[in-house]
Every structure is written in structure tokens, then in C-alpha cells.
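Notes follow the structure.
Each chain gets a letter, A, B and so on, in the order the sequences are listed, and its residues count up from 1. Reckoned from all heavy atoms, side chains included, excluding hydrogens, waters and symmetry mates.
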Amino acid sequence: MSTLETASKPVSTPAAAVQEETPSSTDPNRLGERLIRILIPVAMLGALILLWAWYVTAYDVPHYILPSPSRVAKAMIEDWHILGPALLVTLKITFTALALALIGGVALAVLLIQSKWIELALYPYAVILQVTPIVAIAPLILIYAPTTQSALLICAWLVAFFPILSNTAQGLKSVDHNLLNLFELYGANRWQSLYLLRLPAALPYFLTGLRIGGGLALIAAVVAEFAAGSAGAGSGLAFRLLESQFRLNIPRLFAALILLSVTGVLIFFATSLISHLLLHKWHESAVKREN
Amino acid sequence: MVSTIEAGGPEAGAPAERSRTSPARPLVSLSGVSKVFSNGTVALRDMSLDIQPGTFVSLLGPSGCGKSTALRIIAGLGEATSGSIDWPTSEFDASGQPHPEIGFVFQEPTLMPWASVFNNVRLPLRLKGKSRSASREDVMNALEMVGLENFAEAYPRELSGGMKMRVSIARALVTRPKLLLMDEPFAALDEITRFKLNNDLLHLWESFGWTVIFVTHSVFESVYLSDRIVVMAARPGRVVADLAIDAPYPREDDFRTSTVYNDYCRDVSNALHDAMDEKADA
Ligand SMILES: Nc1ncnc2c1ncn2[C@@H]1O[C@H](COP(=O)(O)OP(=O)(O)OP(=O)(O)O)[C@@H](O)[C@H]1O
Ligand SMILES: [Mg+2]
């Protein structure tokens, strides 16, 4: 029909072009770069552990002050029957809270953008809940909630909820006006604009909220358990940590601490990975700059 | 000046088949349209304009004279403060809309970065509830028209500026609109690409019999493309001249070097300067 293809007829199909762009493991340069990316942090970690072990033996530090790495490892294995279930409890609270925060945050954000009035009415309360320190609300929640578990869940949810809400709401509102015009021009209804335009446009913002919320959910789960100070079968890592401190079982305290930070790091990586997978095809933040 | 300030029906001279003087009812008719923004800016004052079906009309004028505003109002994006927009040939309100199928090309490509080229072009059909498989052929046809059929699966960020603009044109064409509104679609492109897209646009226009309203601030581009140029002035935005470009189509690159073309460019240029002087006087 028309004559315009000449200037930009691709030599290879775009599918092939796209494949070339993704890092392929056969490319020696890429492989080397990836190895270095893994090797450097691992080597650094090894060096730090060695330094720690050396310090403890060289200066004869008592194990109730600073246990050696091997003692911590031993405690991890021997006390796993205590730490494992505690980890599970903490994980359950964290992820349930995060999942609920995700649903609640997105749903409320969608509700907020529907009308100025709803936003004016509801948003201040979301802010109040967020700015009041969770440790201060925790005792009250402990009184009202039917079980300690549910109280911890509510605390973690409250903390994780806000960043997801505020980021998503921001994202839903910062849609390109021309795209909104385009949707209006083609007679899109509310649902179509939300589903095809606002939600995808808000995705990067939502994922930022998720990354923040994920980290906060774990922190809140731990802090709330400190505040609850409950004992028993259903206690999480935070309680085990406090307990180890009272009993001066410092190796176990370290083991519990390590489990907490590993969990935090894994949450961070998981949310970053999700973010990368969802955005790498189009969003500036996830696309490698090639000039 | 070739013609005088007059909206709608100038004197003789236009070719019979797409003549502005033809008795056919206009496709769209603006009468006394004004637009005042909430901050008090008078973007348009008392603009009257009849667009005959099948014509290629350019709105030409300095920056800020209300070209985009006028185009948006025609498209139904944003109400006029006063005046009316009529669609006298009302055969097209099957969809419930008071105006025919409109294709709109914005000043920027305005693509959804998260969607592939295919899905971007498919959007208008999708919003009308057409399934993916049912739209496939239309989308590929539209992409073929702009020469991007091999890039259906690419993402906007993988395209050059000109290619993005062509995607946006394909999206405007996919519904086979009767009326194509284009807001400086080629302003950001280099001259070679612009010339090429100009030719492609003319080919498509001639073969499909669309009506095109084309906003530009380039005298040369407007003369090359249009059979009618509406010159606007700023502050307040208004129509100051309405010129017929009576050169036959098809116009190819050699038209750019013809004397007819150069004469028209000079005339239009003068009209534009008059318009800007007028503004200084006002
Ligand atoms: N949303 C708005 N609010 C207030 N004033 C506006 C708004 N949009 C446009 N204007 C004003 O209306 C006038 C016309 O704007 P418009 O965008 O139609 O100009 P234009 O002819 O398309 O200019 P350009 O060639 O630079 O795109 C300008 O003076 C501008 O300042
Ligand atoms: Mg404009």
C-alpha cells in the first residue's frame, strides 16, 4: 500500500533483536560479570566471618559476650527445634500481613482516586495510623485482638499497609494526561481506564510500595512481638531472641538474629526480583541504559 | 494573499471534487466557538470554521494561538466555553456518539510504555470490546500502512522517535476513522523522515477519502499537504485567513521545487506575518 518501509526495515526480526538484548549466559563477558557480582559479596562475607572468628580466639572473648561463628552455627543446628518453628511463626505473620496489606492497600488506593471526597474523608486516618508509632498502638491492639497472633498480624499489617497505599495512590494519579484523553476519546469506561491504563501506570509505584512494605512487615512483626512479650508454643523469633537474652544464651540469640536478617534480605531480593520481572520490558528503572 | 479572511466558503478556483465551495454539508462546523481557561487565558475567541468532508485542512499559526485547543474541542476533549460544534451529516451516530469515528494523533506519540506496539495499536478496538483475534487483521493492516508490520511485538522504548510517531498514527488509523485530527504529528522529526511521512499521509488520504485536520506551525508542510490552510493568530486565538491551495494531487517530492509551491509558500507566509503583526496591533 504505502511506500514508507524503506528507512527502517529491520535486518533481523524484532524477536531476534530482543533476544540479543537479554543477557545470555553464553556470552563470556556477561558470564564473567555475573560471576564477579556474586563472588565479591560472598568473598566479603567469608572475610568478615574469618575476622570475627579470629578476633574471638585471639582476644579470648567470653562466649556470653561474643560467641564465635562456630558456636553460633552449633546453636543454630542444635536449637533448630526451637528456632525453626519460631521462624515459621514470624514468616507466617510477616507474609500474611504483607498479603493483606497488598490487597487492602491497592483496594483502598483505587477507592481513594474515585473521588476527591472519599480521599478527603479517608486519607487522614491512613496517615494517622501510619505516623503513630506501632509500639505505642501495640498494647491497645493486644487488648482488643482475640489472640496474640492476630494482634501481631494487625500490627504488621498496619505498618506494611501505608507505603503500599500511598505509593499506589500516587501512581494511579500520575497517569499521562494525553493517555487519559486518548481513553476518553475512544469512549473508555471507568473500569477500562482503571484496568488498561491506571493500574499498569501505577505498577512501578506499587512495586516501590511493596519493597518498602515487605521490609516493614518483618520489622513490625518483630517489634509487635517485643511489645506483646508473650510466651508459649506459638511464639516467633522475636520472643526467642528476648528469651535467649534473659538466659544469657548468646549463641542462640545470634542464631535468631541471623535468621531474621536472612529473612529480611530474602524478602528484599524477592520483591526486587518481582519488580524486575514485571518491569524489565518497559520501565526506565528496570531497563539497562544503552546509549 | 490568495484569499480573504472568510470561514467556509471562499470564491471560485478550487477543484470540483474536493471543493470547499461544494454544496455538500460540512462534516463538522464550528460556530462562534470560544474557550476561556480557568486562569483567564482566552485560548479561542469566536472561531467559526466549516470543514467539508474529504478535505485536507491545515491549522497554521504561531505557538499558543489555540491550534491544539481547537483540535481538542473538535474531538470532544474539553468543552467550549461558548459557541457550538455541529456534525450536520449525522449518519454516524450508530455508536451513540454525536460525531463520526475520529482518529487523533497527539503532539507526542502518547504510547503506553508497558504495552507492545501491537497492543498499543489495538487499544481503540479493545476499548470497543473487540477481541484480540478479531482485531488482529485490522491492527496488522494499520501497522502495514505505516511500515511497522515487523515491529508488532516490540516495545515503545525499542523504537526511534519517528517510529513511535508512526505507531501513534497506526493507532489513529486502526478504527478506519472518517476524520483524522493530527496535532503537529511530525514536529519532532527530522526533515527526511518528515517528508517521507508527509508523502505517506497524502497517499493514505487520497486512497481512503478521509477528512484530515492537520495542525502545524510549518508553512512549507501545510502548503505541501493541504488543499486549504486556516491561518490563526494568538491572544486571543482566532482565524485570520483562510486560503485555498489549488494544486493538484497527487503531490510528490517534485512539487516541493515547483513555482506553484513556492508562490503558495510566500502567500501563506505573508498571511502568517500579517496575522502576527495584527497581534502586535491588538
Ligand atoms: N490547561 C490550560 N490552562 C490554561 N491555559 C491553557 C491551557 N492549555 C492551553 N492554554 C493556553 O491557551 C493558549 C492556546 O494553547 P494551545 O495549546 O491551543 O496552543 P497551540 O496553538 O497548540 O500552541 P503550540 O503550537 O505551541 O502547540 C495558550 O496561550 C496557552 O497558554
Ligand atoms: Mg499545540
Side-chain angles (χ1 to χ4, degrees), chain A residues 1-22 171 175-207 278-291, chain B residues 72 75-78 95-97 101-104 106-117 119 123-129 141 144-160 162-163 166 168 171-172 175 181 183 192-193 196-197 199-204 207:
Chain A
M1 158 63 34
S2 80
T3 51
L4 53 148
E5 53 274 20
T6 43
S8 55
K9 196 110 193 171
V11 183
S12 62
T13 66
V18 170
Q19 259 170 21
E20 277 159 30
E21 266 173 44
T22 56
V175 179
D176 181 357
H177 284 191
N178 274 331
L179 276 174
L180 282 173
N181 280 338
L182 186 80
F183 272 65
E184 191 191 326
L185 184 76
Y186 288 114
N189 57 36
R190 233 163 211 253
W191 164 247
Q192 287 173 321
S193 308
L194 178 69
Y195 174 68
L196 292 174
L197 178 58
R198 288 194 189 266
L199 285 179
L203 190 63
Y205 295 81
F206 161 75
L207 288 167
L278 289 176
L279 298 183
H280 78 278
K281 278 199 168 151
W282 64 275
H283 197 253
E284 306 293 350
S285 69
V287 167
K288 207 172 165 200
R289 193 155 66 109
E290 291 179 270
N291 288 335
Chain B
R72 274 167 209 281
L77 300 168
S95 62
Q97 280 184 320
E101 202 77 67
I102 290 178
F104 201 116
F106 290 90
Q107 210 160 340
E108 294 89 35
T110 317
L111 302 177
M112 300 178 291
W114 55 84
S116 64
V117 165
N119 282 331
L123 180 76
L125 301 176
R126 189 169 186 185
L127 292 176
K128 293 199 163 32
N141 276 342
E144 217 165 292
M145 283 183 202
V146 297
L148 286 178
E149 63 277 18
N150 290 320
F151 288 88
E153 296 314 316
Y155 281 80
R157 63 167 192 91
E158 297 165 333
L159 305 179
S160 73
M163 290 157 85
R166 285 191 277 162
S168 143
R171 181 181 58 198
T175 54
L181 305 176
D183 193 352
I192 295 167
T193 314
K196 209 170 73 58
L197 289 178
N199 288 338
D200 296 336
L201 180 62
L202 277 186
H203 284 152
L204 292 169
S207 36

Need one label for [X]: side chain, backbone, both or neither, based on atoms under 4.5 Å from any heavy atom in chain A.
{"X": "B/Ile192", "result": "neither"}
{"X": "B/Phe104", "result": "both"}
{"X": "B/Arg171", "result": "both"}
{"X": "B/Ser160", "result": "neither"}
{"X": "B/Glu108", "result": "side chain"}

(request) State whether the side chain of A/Gln192 and the backbone N or O of B/Leu127 hold a donor-acceptor pair below 3.5 Å, judged by distance alone. (result) yes
Less than 4.5 Å apart, any side-chain heavy atom of [X] and any of [Y]?
{"X": "B/Asp200", "Y": "B/Lys196", "answer": "yes"}
{"X": "B/Met112", "Y": "A/Leu179", "answer": "yes"}
{"X": "B/Ser168", "Y": "B/Thr110", "answer": "no"}
{"X": "A/Leu203", "Y": "B/Trp114", "answer": "no"}
{"X": "A/Asp176", "Y": "A/Leu197", "answer": "no"}
{"X": "B/Arg72", "Y": "B/Phe106", "answer": "yes"}

For [X], which atoms come within 4.5 Å of any heavy atom of chain B: side chain, backbone, both, or neither?
{"X": "A/Leu196", "value": "both"}
{"X": "A/Leu278", "value": "neither"}
{"X": "A/Asn178", "value": "both"}

(request) Look at A/Pro200, A/Ser193, A/Ala188 and state which one has the largest set of heavy-atom pairs under 4.5 Å with chain B. (result)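 Among A/Pro200, A/Ser193, A/Ala188, the one with the most close pairs to chain B is A/Pro200.
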